[in-house]
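Please see the structure below; I have some questions.
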Amino acid sequence: MGPTTTTLADVLVPWFRAHARDLPWRRPGTTAWGVLVSEIMLQQTPVARVEEPWRSWLERWPRPSAMAAAPASEVLRAWGKLGYPRRALRLHAAAQAIAADHGDVVPADVETLESLPGIGTYTARAVAAFAHGRRVPVVDTNVRRVVARAVLGRADAGAAASRDLADTEALLPDDTTDAATMSAALMELGATICVARTPRCADCPVSGACAWQRLGRPAGDGPARKAQRWAGTDRQVRGRLLDVLRGAPGPVPAAALDAAWLTDPAQRARCLDSLLVDGLVEQLADGRFCLPGEQ
DNA sequence: AAGACGTGGCA
DNA sequence: TTGCCAAGTCT
């Protein structure tokens with residue numbers, strides 16, 4: 001057998017073991033449920049904002065069945081201002097499904113995980129790999145960017161494609177444990193070194209093997225993402241409405257919600273209706289509004 | 001298959 | 001200050 005070539009994993013796995021951030025859900029002893037909760041909270045939300053809530057959640061609801069027994073309103077209140085509150089509602093529903101149909105054990109199988117509410121392509125594989133040690137590619141925005149640069153020589157990842165999973169699978173070492181570590185390492189590199197705006201190539205452990213570096217770091221095709229507006233959007237109004245409900249100890253009269261958005265009553269009404277449709281708000285027989293499952 | 005969906009920090 | 005960006009999912 002001739003000399004083997006050095007792979008990305010040969011460099012990244014040791015780098016990760018030496019440089020990984022000490023995040024609470026990566027500590028030994030973290031349950032699969034703990035990993036699942038962290039993955040849901042981390043969807044589109046920065047690590048720094050998740051650490052504290054994650055600890056409280058696991059302390060309060062250490063198992064799926066514990067959360068399943070709580071009313072959705074309490075889950076929504078505990079979610080606080082993490083953003084995208086539908087995630088909390090879906091996590092609550094997932095906890096109920098896990099408690100009722102899976103013996104209170106978080107599934108290890110990707111297909112089963114994907115069948116749970118709020119768990120998609122990324123989260124299913126993250127749980128399978130990080131909580132259960134399965135050898136499956138885990139592809140998030142960080143991994144897609146790292147692969148785009150280091151392997152494909154492009155400045156940024158294009159739109160997500162089914163090809164991404166295969167591209168990443170090819171980078172995983174055969175050893176099952178190392179494969180999970182490699183996935184974590186790719187994510188860590190993308191989150192701390194190979195970042196979107198200003199990559200710190202001088203500190204990168206794989207710069208010597210990076211295709212984008214070799215090509216002279218060619219510029220990308222401009223903004224890959226459309227700018228997301230905020231002021232005056234339905235999202236802002238929905239956030240305001242929900243904030244009133246979270247802050248109240250129980251059901252509130254319609255007037256309390258009216259006061260949350262005076263600018264455009266029609267928009268306020270439309271947003272309240274959409275929250276009702278989404279199951280994030282409920283209306284009582286007496287006309288008052290409340291968080292789901294309250295009273 | 002684009003677009004909707006929260007929130008806050010940072011350059 | 002404005003705009004970009006953050007471990008996505010669902011329709």
(message) Side chain of A:R90, heavy atoms from C-beta onward: which of C:dC10, B:dC5, C:dG8 has the nearest atom to it?
(response) C:dC10
(message) Under 4.0 Å, heavy atoms only, any strand: does A:A126 hit a base, just the sugar-phosphate, or nothing?
(response)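 No contact.
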(request) Give the rounded distance in Å between these two atoms: CG of A:D278 and P of C:dT11. (result) 10 Å
(message) Quick check for you: among C:dT9, B:dG6, C:dA7, whose closest atom lies nearest to any side-chain atom of A:R145?
(response) C:dA7
(request) Quick one: label A:L242 by what it contacts on the DNA or RNA (base, sugar-phosphate, nothing), any heavy atom closer than 4.0 Å. (result) nothing
(message) Considering every strand and a 4.0 Å limit on heavy-atom distances, what is the contact class for A:R21: base, sugar-phosphate, or nothing?
(response) base
(request) Would you please name every residue forming a side-chain contact (heavy atoms from CB on, under 4.5 Å) with A:D273, sequence neighbours left out? (result) A:V277
(message) With a 4.0 Å cut-off on N to O distance, would you call A:R144 and A:D167 a salt bridge?
(response)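 Here A:R144 does not pair with A:D167 in a salt bridge, since their nearest N and O are not under 4.0 Å apart.
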(message) Expected output is a numbered-order residue list: members of residues 49-64 of chain A with a heavy atom under 4.0 Å from any atom of DNA chain C. What is it?
(response) none
(request) Would you kindly give the CG-to-P distance between A:L113 and C:dG8, to the nearest whole Å? (result) 17 Å
(request) Pick the P atom in B:dA11 and in C:dA7, then give their distance to the nearest Å. (result)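 Nearest-Å result for B:dA11 against C:dA7 at atom P: 15 Å.
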(request) Please tell me if the side chains of A:L171 and A:L12 come closer than 4.5 Å, counting only heavy atoms from C-beta onward. (result) no
(request) Ignoring the backbone of A:P85, work out which of C:dA7, B:dG6, C:dC5 is nearest its side chain. (result)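 The closest nucleotide is B:dG6.
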(message) Restricting to salt bridge (charged side-chain N to carboxylate O under 4.0 Å, His left out), what partner residues turn up for A:D264, sequence neighbours left out?
(response)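 Result, salt bridge (charged side-chain N to carboxylate O under 4.0 Å, His left out) vs A:D264: none returned.
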(message) So that I can tick it off, tell me whether A:R17 and A:D178 are bridged by a salt bridge, with the cut-off set at under 4.0 angstrom between side-chain N and carboxylate O.
(response)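 Salt bridge between A:D178 and A:R17, a charged N being under 4.0 Å from a carboxylate O: yes.
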(message) Enumerate the ring pair (Phe, Tyr, Trp, His ring centres under 6.0 Å) contacts for residues 67-105 of chain A, please, sequence neighbours excluded, ordered by first and then second residue.
(response) A:W57-A:W79
(message) Is it the case that atom CZ in A:R163 sees more than 12 heavy atoms from other parts of the structure closer than 6.0 Å?
(response)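 Not more than 12 within 6.0 Å, no.
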(request) Strictly below 4.0 Å, heavy-atom distances to any atom of DNA chain C: list the hits from residues 160-186 of chain A, or just say none. (result) none
(request) Determine whether any donor atom in the side chain of A:T45 lies under 3.5 Å from an acceptor atom in the base of B:dG6, or the reverse, and answer yes or no. (result) yes
(request) Let me know the distance between OH of A:Y122 and P of C:dT9, rounded to the nearest Å. (result)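 Distance, rounded to whole Å: 8 Å.
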(request) Please determine, by modelled atom types, if A:T45 and A:R87 share a side-chain donor-acceptor pair under 3.5 angstrom. (result)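 On atom types as modelled, these side chains qualify, holding a pair under 3.5 Å.
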(request) Answer yes or no: does a side-chain N or O of A:R246 lie under 4.0 Å from OP1 or OP2 of B:dT7? (result)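 A:R246 to B:dT7 OP1/OP2: side-chain N or O found under 4.0 Å.
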(message) What's the gap between B:dG3 and C:dC4 when it is taken at their P atoms, as a whole Å value?
(response)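 Each nucleotide's P atom is 16 Å from the other's.
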(request) From the options C:dA6, B:dG6, C:dA7, select the nucleotide whose nearest atom is closest to the side chain of A:P46. (result) C:dA6
(request) On DNA chain B, check which nucleotide each of A:R235 and A:T198 is closest to and give me the residue with the more 5' one. (result)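 Its nearest nucleotide being more 5', the pick is A:R235.
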(request) Rounded off to whole Å, could you give me the CG-to-C1' distance for the A:L245 and B:dG6 pair? (result) 15 Å
(request) Scan A:G83 against the nucleic acid and name what it touches under 4.0 Å (heavy atoms): base, sugar-phosphate only, or nothing. (result)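 Base, at least one base atom sits under 4.0 Å.
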(message) Categorize A:L23 for me: base, sugar-phosphate, or nothing, with a 4.0 angstrom heavy-atom threshold over every strand shown.
(response) base
(message) Under 4.0 Å, counting only non-hydrogen atoms across every strand here, what does A:T121 touch: a base, just sugar-phosphate, or nothing?
(response) sugar-phosphate
(request) Tell me what A:W79 touches on the nucleic acid: a base, only sugar-phosphate, or nothing, going by heavy atoms under 4.0 Å. (result) nothing
(request) Rounded off to whole Å, could you give me the CG-to-P distance for the A:L82 and C:dG8 pair? (result) 14 Å
(message) Need one value for A:T123: base, sugar-phosphate or nothing, where a base atom within 4.0 Å counts as base even if backbone is also close, heavy atoms only.
(response) sugar-phosphate
(request) In whole angstrom, give the distance that lies between atom NZ of A:K81 and atom P of B:dG9. (result) 11 Å
(message) Per the salt bridge (Lys or Arg N to Asp or Glu O under 4.0 Å) rule, what does the pair list look like for residues 49-71 of chain A, sequence neighbours excluded?
(response)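 For residues 49-71 of chain A, and leaving out neighbouring residues, the salt bridge (Lys or Arg N to Asp or Glu O under 4.0 Å) pairs sorted by first residue read A:R60-A:E74.
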(request) Write down the distance between CD (A:E188) and C1' (C:dA6), rounded to a whole number of angstrom. (result) 14 Å
(message) Does any part of the side chain of A:L275, heavy atoms only, come nearer than 4.5 Å to the side chain of A:F289, both counted from C-beta?
(response)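 In short, these two side chains do not touch, never coming nearer than 4.5 Å.
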(request) Can you tell me, in whole Å, how much space there is between the P of B:dG6 and that of C:dT11? (result)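 One P to the other, the span is 14 Å.
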(request) Examine the base of C:dC5 for any acceptor or donor lying under 3.5 Å from a partner atom in the side chain of A:R197, and report the outcome as yes or no. (result)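 No.
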